[in-house]
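Below is one structure, written out as structure tokens, with a few remarks after it.
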Amino acid sequence: MNAEIVGSRDKLINDFKTVVADAEELLKVTASAAGEQANVARSRVRESLAEAKVKLAAAEEIAVARAKEAAKATDEFVHDHPWKAIGLAASIGLIFGLLIGRR
């Protein structure tokens with residue numbers, strides 16, 4: 001599952017880099033010529049943005065679903081093992097308190 005997240009994240013980053021590169025090209029082309037080249041560049045930017053929006057929406061849906069799964073699993077653990085959950089929370093709080101206190 002972790003490899004899927006990393007792969008999706010890397011793909012999304014590459015897609016946004018493509019969008020930025022196309023936007024930069026659009027700016028360069030429109031600065032010197034406002035003819036056919038500008039229209040082609042604008043078209044590519046629109047396509048890239050549309051693809052990026054679709055992929056971002058899909059990634060958001062996946063992230064929300066996984067967050068809900070994690071919350072449900074945590075809730076079930078706390079209900080099944082309340083004393084373990086209290087001990088774990090207290091231990092984590094103690095560790096953070098010690099780390100913060102050292103600064």
Side-chain angles (χ1 to χ4, degrees):
M1 209 185 288
N2 195 15
E4 291 175 335
I5 293 170
V6 172
S8 296
R9 183 191 68 203
D10 291 342
K11 178 74 171 124
L12 189 60
I13 290 170
N14 288 335
D15 290 340
F16 280 115
K17 286 181 181 179
T18 301
V19 169
V20 170
D22 287 347
E24 290 173 346
E25 182 182 347
L26 176 64
L27 291 174
K28 289 178 185 176
V29 170
T30 55
S32 62
E36 184 64 29
Q37 289 179 335
N39 291 335
V40 170
R42 283 188 195 108
S43 171
R44 280 199 298 182
V45 168
R46 285 187 196 112
E47 290 173 9
S48 295
L49 285 173
E51 288 178 27
K53 286 179 183 179
V54 168
K55 290 178 182 179
L56 185 59
E60 182 180 13
E61 288 177 18
I62 291 169
V64 167
R66 288 185 179 162
K68 286 181 181 180
E69 288 175 15
K72 184 179 178 182
T74 302
D75 186 52
E76 289 175 1
F77 177 80
V78 170
H79 281 101
D80 292 342
H81 309 286
W83 289 109
K84 284 184 182 179
I86 291 171
L88 184 63
S91 299
I92 291 172
L94 178 67
I95 291 170
F96 280 134
L98 291 173
L99 291 174
I100 291 172
R102 295 178 84 179
R103 288 185 178 196

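Owing to the predicted nature of the structure, the values given are computational and were not obtained by experimental measurement. For reference, positions follow the sequence shown, starting with 1.
The other residues sharing a hydrophobic cluster with Leu88 are Ile92, Phe96, where clustering joins ILVMFWY side chains under 4.5 Å apart. Ile100 forms part of no hydrophobic cluster, judged by ILVMFWY side-chain heavy-atom separations under 4.5 Å.
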Which side-chain N or O atoms in residues 74-85 pair as donor and acceptor under 3.5 Å with protein atoms at least two apart or in another chain?
from: Thr74; atom 1: OG1; to: Ala70; atom 2: O; distance (Å): 2.8
from: Asp75; atom 1: OD1; to: His79; atom 2: ND1; distance (Å): 3.2
from: His79; atom 1: ND1; to: Asp75; atom 2: O; distance (Å): 2.8

